[in-house]
*Asks:* 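Quick one: the structure is below, questions incoming.
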Amino acid sequence: MDNLISLVNKIQRACTALGDHGEASALPTLWESLPSIAVVGGQSSGKSSVLESVVGKDFLPRGSGIVTRRPLVLQLHKIDEGSREYAEFLHLPRKRFTDFAAVRREIQDETDRETGRSKQISSVPIHLSIYSPNVVNLTLIDLPGLTKVAVEGQPDSIVQDIENMVRAFIEKPNCIILAISPANQDLATSDAIKISREVDPTGERTLGVLTKIDLMDKGTDAVDIDKFGNSWSHFTWGFIKGIVVEKMLEGKSYRLKFPWVGVVNRSQADINKNVDMIAARRREREYFASTPEYKHLAPRMGSEYLAKMLSKHLEGVIKSKIPGIQSLINKTIAELESELSRLGKPIAADAGGKMYSIMEICRLFDQIYKEHLDGIRPGGDKIYNVFDNQLPAALKRLQFDKQLSMENIRKLITEADGYQPHLIAPEQGYRRLIESSVVTIRGPAEAAVDAVHGLLKDLVHKAISETIELKQYPALRVEVSNAAIESLERMKDTSKKATLQLVDMECSYLTVDFFRKLPQDADKGGNPTHSIFDRYNDSYLRRIVTTTDLKSSRCNMQTGSTVLSYVNMVCASLRNSIPKSIVYCQVREAKRSLLDHFFTDLGKLEQKQLSSLLNEDPAVMERRAALAKRLELYRSAQAEIDAVAWSK
Ligand code: GDP
Ligand code: MG
């Protein structure tokens, strides 16, 4: 039993520690799926007696007639060495029995409570747990005996009912069947063998037990000797085990995988005299050692041998489960680890540690943000799209040629001249025309600033959600996000100012060279004595604005040496310089100093405020603590199980 105890203890430590720790885990169920042991057989065949001797305790009602009238599910729980043994019933929670005679009485009383003091039988089990340092964790099941006929006070269906009840317990593949047959009855008609063969045809989980060997000797009961032409007492056990059992089952080979074990339990007289387990064991040993027929078989007979066989069998079954337990533990560990890493590390308690953590998380965020701008992550290319498509398209839509319609030109030039028409060239008129066109570039310039600002903001949101560490701290997440957006906002304002200034600069000072080349009327051989009214005629005005005049081109005039071409030139130059201003003021700054203000403010925070920034979702904290604890348990379970596996 020792091997089994230590094996089971190790696995037990591994499994139940995990099971005890709240959360549903697959392991306790796995533990439950470990073998249970059920005794089956006819009435008074000695089932309860055998079960008691396997457990090594006197606590079951035994006797002639129908004593066991409800299934008894007995759970043995190993407790720490030195602790006091006790028993507990499921129907009497928190009542601890330390007197096992009282346990027996309670089984009887509880049986009566369900069935009345009749010979009724109930399939409702009694659940009893025994806590002891001297047991292994096992489930044992004592069952009512199988009968052949109903007796007075029992319904006719009783025979079938009991059989069904017994079958329900023993058909589970993890149930080890102790098939009890009294040696003083005809084995050929053994109910135990019949029903065991039904549920375990190969005999792999059935242990055959012959009780009442002592009675057989005395020939108290009618033994069917004629059938085999011999007396039971003359058979050697080897014979019984092999040929006879096979013959008994009418040629249908039902050879159990394990040899039959003969036992001698306490007789009714012993029970009446209160012979204890130890004395009974000794008597049994003496019996097998001194009876000539069994002498040579003595080491393989008796309750102790049965217990040993049983534990060896259990050991095998349990060991076969080890790889399954191992892989389950390994799988769970991997799952726990990955969930823990998803939840992130816990935060240091002191202010310095907190500050460090915050900076570290911000650095990660900043890194991701830069990666978006630098093209390592997507999104930065959209900014170029603003410069390459949106801005040029918007500039194009300004349609300077339409702005400089004949009507507008006349209006502006006339207005600029005021009461005194220009003498040589409409200088003021030029200025106004140019200003009025160039100033419209402010619109697209501003739009470009806003578009880039929008994109930079999107990237903040993206980077925030991509910074796994920020998920852990909702408050910090909000703060970092707000700080970044505020920074962008500031950069946008600066950028807008600078970019619009570029436009305004173009309005405030015209490139003189460009106009120096403008032909004067006289140069072109025109008539300087044009009347005032001629000066405002269409062809004159058109010349101011466009280059369509053939004569002009002939007179060595540069293409574009008119208002429209000047405006176009300015526009082309702004088209190049606006992106520069935007990148300088917004993109480059965002890369350089997105969180600078935040860091400055951070330095002024008290420990309490730092803590509140790092306030985790309490559910996350709880979850992490629980996971960490489970992980620790599983790791130690893994070590235990591995040790068991190696010692195989
Ligand atoms: P169950 O009804 O199958 O649970 O059988 P019990 O364990 O209650 O035993 C029925 C009766 O047979 C009791 O009076 C026991 O003392 C007696 N008995 C059981 N096994 C043996 C045995 O090996 N030898 C003798 N002499 N009596 C036994
Ligand atoms: Mg019984």
Side-chain angles (χ1 to χ4, degrees), residues 39-69 72 74 100-101 103-105 107-108 111 119 140 142-148 151 178-187 189-193 207-225 231-235 237 240 260-295 297-298 300-307 309-310:
V39 283
V40 294
Q43 255 169 37
S44 290
S45 56
K47 299 180 296 300
S48 300
S49 303
V50 168
L51 201 56
E52 271 192 342
S53 64
V54 168
V55 179
K57 284 226 106 3
D58 291 317
F59 63 99
L60 291 174
R62 291 151 304 173
S64 54
I66 323 168
V67 180
T68 310
R69 288 183 287 121
L72 177 85
L74 172 65
F100 281 79
V103 171
R104 176 180 297 140
R105 278 197 300 280
I107 295 175
Q108 276 159 351
T111 303
K119 295 203 168 81
L140 298 157
D142 191 16
L143 291 164
L146 299 156
T147 55
K148 295 201 186 332
V151 296
L178 290 184
I180 315 286
S181 309
N184 60 346
Q185 279 172 27
D186 186 358
L187 275 175
T189 56
S190 162
D191 297 320
I193 297 295
L207 295 180
V209 182
L210 283 172
T211 53
K212 308 196 183 179
I213 307 279
D214 56 326
L215 295 186
M216 185 178 72
D217 268 349
K218 291 174 199 155
T220 32
D221 262 314
V223 173
D224 189 354
I225 6 178
S231 152
W232 276 105
S233 54
H234 295 142
F235 281 116
W237 281 105
I240 290 179
W260 287 77
V261 179
V263 297
V264 175
N265 295 316
R266 281 164 289 186
S267 65
Q268 190 58 48
D270 294 335
I271 292 172
N272 297 344
K273 278 188 272 172
N274 273 332
V275 173
D276 70 18
M277 180 85 58
I278 295 163
R281 284 262 169 98
R282 196 183 56 238
R283 285 236 311 262
E284 189 189 29
R285 260 199 312 275
E286 282 165 9
Y287 176 85
F288 282 113
S290 61
T291 312
E293 288 89 344
Y294 314 129
K295 219 176 189 164
L297 287 169
R300 287 195 277 127
M301 289 292 128
S303 307
E304 275 161 291
Y305 180 71
L306 174 65
M309 227 167 77
L310 198 55

*Asks:* Taking only residues two or more places apart in sequence or in another chain, which ones pass salt bridge (charged side-chain N to carboxylate O under 4.0 Å, His left out) with R281?
*Replies:* none
*Asks:* Going through the checks in order, is the side-chain contact (heavy atoms from CB on, under 4.5 Å) test met by M301 and I213?
*Replies:* CA-CA 10 Å; M301 289 292 128; I213 307 279; 5.9 Å; no
*Asks:* Kindly say whether F288 contributes a backbone atom to a donor-acceptor pair with the side chain of T291 at under 3.5 angstrom?
*Replies:* no
*Asks:* Check whether any side-chain heavy atom of V263 sits under 4.5 Å from a side-chain heavy atom of V209, and report yes or no.
*Replies:* yes
*Asks:* Under the rule for side-chain hydrogen bond (donor to acceptor under 3.5 Å, both in side chains), what residues qualify as partners of S303, not counting sequence neighbours?
*Replies:* E284
*Asks:* Looking at residues at least two apart in the chain, or sitting in another chain, which of them share a salt bridge (charged side-chain N to carboxylate O under 4.0 Å, His left out) with D191?
*Replies:* K148
*Asks:* Apply side-chain hydrogen bond (donor to acceptor under 3.5 Å, both in side chains) to R105 and list each qualifying residue two or more places apart in sequence or on a separate chain.
*Replies:* none
*Asks:* Tell me, please, which residues at least two apart from N272 pass side-chain hydrogen bond (donor to acceptor under 3.5 Å, both in side chains).
*Replies:* Q268
*Asks:* Would you compute the distance between atom CG of D270 and atom CG of D214 and round it to the nearest 0.5 angstrom?
*Replies:* 8.5 Å
*Asks:* Go through the structure and list residues passing side-chain hydrogen bond (donor to acceptor under 3.5 Å, both in side chains) with Q108, not counting sequence neighbours.
*Replies:* none
*Asks:* Rounded to the nearest 0.5 Å, how far does CD1 of I271 lie from OG of S49?
*Replies:* 5.5 Å
*Asks:* Would a 4.5 Å heavy-atom cut-off, applied to side chains only, mark L178 and L310 as touching?
*Replies:* yes
*Asks:* Return the CG to CG distance between L51 and L140, rounded to the nearest 0.5 Å.
*Replies:* 5.0 Å
*Asks:* Enumerate the salt bridge (Lys or Arg N to Asp or Glu O under 4.0 Å) contacts for residues 40-54, please, sequence neighbours excluded, ordered by first and then second residue.
*Replies:* E52-R62, E52-R104, E52-R266
*Asks:* Compare every heavy atom of I180 with every heavy atom of S45, then report the nearest pair and how far apart it is.
*Replies:* O-CG2, 3.5 Å
*Asks:* Please name all residues satisfying side chain to side chain contact (heavy atoms under 4.5 Å, CB included) with A279, sequence neighbours left out, ordered by chain then number.
*Replies:* V275, D276, R282
*Asks:* Tell me yes or no: between the side chains of N265 and T211, is some donor less than 3.5 Å from an acceptor?
*Replies:* no
*Asks:* Please find the pair of heavy atoms, one from G41 and one from A192, that lie closest to each other, and give the distance.
*Replies:* CA-CB, 3.7 Å
*Asks:* Would you compute the distance between atom CG of L207 and atom CG of L306 and round it to the nearest 0.5 angstrom?
*Replies:* 6.5 Å
